[in-house]
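Quick note on labels: first sequence line is chain A, next is B, and so on, each numbered from 1. Every value quoted in this text rests on a predicted model; they were computed, and no experiment measured them.
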There are 2 protein chains.
Amino acid sequence: MTDRRLRADAMNNRARILEVARELLTSTSELPMNAVAKAAGVGQGTLYRNFPTREALLAEVYRADVDTLVASAAPLLELHEAPAALRRWLDNVAEYARVKRGVLAALEPSSGHELATSHTGSIGEAIDLLLDAGKSEGSIRSDVDSQDVLILLGFLSRMDEAEATERADRILDLIVDGVRA
Amino acid sequence: MTDRRLRADAMNNRARILEVARELLTSTSELPMNAVAKAAGVGQGTLYRNFPTREALLAEVYRADVDTLVASAAPLLELHEAPAALRRWLDNVAEYARVKRGVLAALEPSSGHELATSHTGSIGEAIDLLLDAGKSEGSIRSDVDSQDVLILLGFLSRMDEAEATERADRILDLIVDGVRA
DNA sequence: AGGCTATCTGGACACGTGTCCGTTTAGCAA
DNA sequence: TTGCTAAACGGACACGTGTCCAGATAGCCT
C-alpha cells in the first residue's frame with residue numbers, strides 16, 4: 001500500500017504495533033494510542049509515523065473485516081434488486097458495527113474529508129456498486145453518491161448497543177427509502 | 001432551569017463564564033474549556049460544576065438561537081403540509097448550523113443518551129411537532145420519532161462548510177423522503 | 001454582631017493526544 | 001571491515017479534558 005520499501009526494523013515495529021492493537025481490542029473497544037505505543041515497546045513518534053491517526057490504525061487492524069464487508073455487496077445484487085440489496089448490505093454493516101465497534105471508526109472520514117471522494121476507500125466503492133446498480137435500474141435516485149450514504153451511516157458509530165438494537169433497523173430503512181427514486 | 005437558589009458569588013461566576021464564552025466564540029468556533037475558565041477568572045472546578053460538559057455550556061450560550069429555531073417550526077405548519085414544513089424547518093437548522101457551528105454541538109446528545117428520549121430537549125419537541133402533524137395527515141410514517149431524525153441530523157455537525165454547501169441540501173431531502181409514509 | 005455550615009471555589013492531578021527533534025542504527029558502498 | 005547517511009526511533013513536550021478535595025466564604029440563625 002504505502003510501504004515503499006520499509007526498513008527491517010520498521011517492519012517489525014509496524015507488525016508489532018498491529019499485533020498489540022489487535023490484542024488490546026479483544027479486551028475493550030477502546031484503544032489509547034499511548035497504551036499501544038507502550039505495549040508495543042515503541043515511542044509515540046514511531047506509532048504516529050506508522051499510523052497518523054487512530055482511524056489509520058483501526059483501518060489496518062480491521063482491514064480483513066472491511067474486505068469481507070465489501071465483498072459481500074456484489075453477491076447480494078445477484079439475488080435482489082438494488083434497493084433490497086443495499087438494505088441487506090447495510091444490515092451486514094450494522095452487524096459488524098454491533099460486534100466490533102472499531103470497524104466503524106475505521107471507515108469514518110476522521111475529520112475534514114481527505115481529497116474529495118477518493119479517500120472513501122473500499123467501503124465507498126461497495127456502496128457505489130450498490131447505488132450504481134440501482135441507478136441503472138432506475139430504482140435509486142441518480143443524485144446520491146456513496147459519500148452521502150457514508151455520512152448518514154455515521155450514526156451507527158455514535159450509538160451504544162441498547163440504542164442500536166432499538167433504532168438502527170428503522171433508521172437504515174429510512175435511509176434506503178430516502179435514496180429510492 | 002436548574003438554578004435552585006444559587007449563591008450570589010456563584011451566580012456572578014456563572015454569568016461571567018457565559019459572557020466570556022460568548023466572547024471567545026466570536027473569534028473562533030472553538031471553545032477550550034480551560035481557556036474559558038482562565039478568561040473568566042475561575043478554576044476548572046467552578047467551570048465544570050456550572051457546565052458539566054462543553055455541550056451544556058454551548059447549549060446555554062446558544063439558548064436564544066435554539067429557541068428561535070424551535071419557535072420557527074409551528075408557523076411552517078400553517079403554510080405547508082408536514083413533510084414540506086419539516087423540509088423547510090431543516091433548512092433553518094442547516095442555516096443556523098452553517099453560521100454558528102456551535103449550535104449543532106449544543107443539540108448533539110453528547111454521548112450515551114441521557115434518560116431515554118426526554119433529554120432531547122426543545123429541539124426534539126419541535127421535531128415531534130412536525131412529525132406528529134405528518135402522522136395525523138398520514139404523510140409521515142408513524143414509526144419514526146424525533147430522536148431518529150436528530151440522530152441523522154448529526155451529520156451536519158461533522159461537515160465543514162465546503163462539504164455542507166455541496167451535500168447538506170441533498171441529504172436533507174433524502175432524510176425527509178425517508179420519513180415520508 | 002458573630003458563629004456555623006452548606007455551598008462554592010480553584011488549582012493540582014491523572015490521563016490522553018499528537019508533535020517535535022536530538023539520537024540511534026540499518027544497510028549500502030568502498 | 002569500516003564509514004556514512006538517510007531513515008527510523010522514542011521520549012519529552014505542549015496542550016486539552018475532566019476529576020477531586022482541602023480551603024474559603026456567603027448567608028442564615030441565634
### Task
Verify the contact: side-chain N or O of B:Arg54 to OP1 or OP2 of D:dT17, cut-off strictly under 4.0 Å; return yes or no.
yes

### Which nucleotide in C:dT17, D:dG18, C:dT9 has an atom nearest any side-chain atom of B:Tyr48
D:dG18

## Note on the structure
Ranking D:dG18, C:dT9, D:dA8 by distance to the side chain of A:Arg7, first place goes to D:dA8

### Query
Given atom CG of A:Leu31 and atom P of C:dC15, what is their separation to the nearest angstrom?
18 Å

### Task
Give the nucleotide from the list D:dA26, D:dC9, D:dG11 with an atom nearest to the side chain of A:Gln44.
D:dG11

#### Entry: Shortest non-hydrogen contact from B:Gln44 toward B:Ala37
OE1-CB, 3.6 Å

### Query
If only side-chain N and O atoms of A:Arg49 are considered, is one of them under 4.0 Å from the OP1 or OP2 phosphate oxygen of D:dC9?
yes

### Task
Could you list the residues that satisfy salt bridge (charged side-chain N to carboxylate O under 4.0 Å, His left out) with A:Asp148, not counting sequence neighbours?
B:Arg167, B:Arg170

#### Entry: For atom CG of B:Asp9 and atom P of D:dG23, their distance in whole Å
19 Å

### Query
With respect to the phosphate group of C:dG10, does any side-chain polar atom (N or O) of B:Thr46 fall under 4.0 Å of OP1 or OP2?
yes

### Query
Just how far, in rounded Å, is P of C:dT19 from CG of A:Leu47?
11 Å

### Query
How would you label the contact of B:Asn34 with the nucleic acid (heavy atoms, under 4.0 Å): base, sugar-phosphate, or nothing?
base

### Query
Which pair of heavy atoms, one from A:Leu57 and one from A:Ile17, lies closest together, and at what distance?
CD1-CG2, 4.1 Å

#### Entry: Pair A:Arg63 + A:Asp67, salt bridge at N-O below 4.0 Å
no

### Message
Any salt bridge linking B:Asp91 with B:Arg88? Criterion: basic side-chain nitrogen under 4.0 Å from a carboxylate oxygen.
### Response
no

### Query
In whole angstrom, what separates B:Met11's CE from D:dG27's P?
10 Å

### Query
A:Asn12 has an atom CG; how far is it from atom C1' of D:dC9, in whole Å?
13 Å

## Note on the structure
From CD of B:Glu55 across to C1' of D:dG18 the rounded distance in Å is 13 Å

### Message
Please report the distance, rounded to the nearest Å, between NZ in A:Lys38 and P in D:dA12.
### Response
12 Å

### Message
Closest-nucleotide mapping onto DNA chain D: is A:Ala10 or B:Pro52 further toward the 5' terminus? I mean the 5' end.
### Response
A:Ala10

### Query
Nearest to the side chain of A:Val42, which nucleotide is it out of C:dG27, D:dG10, C:dC8?
D:dG10

### Between P of D:dG11 and CE of A:Met33, the distance in whole Å
16 Å

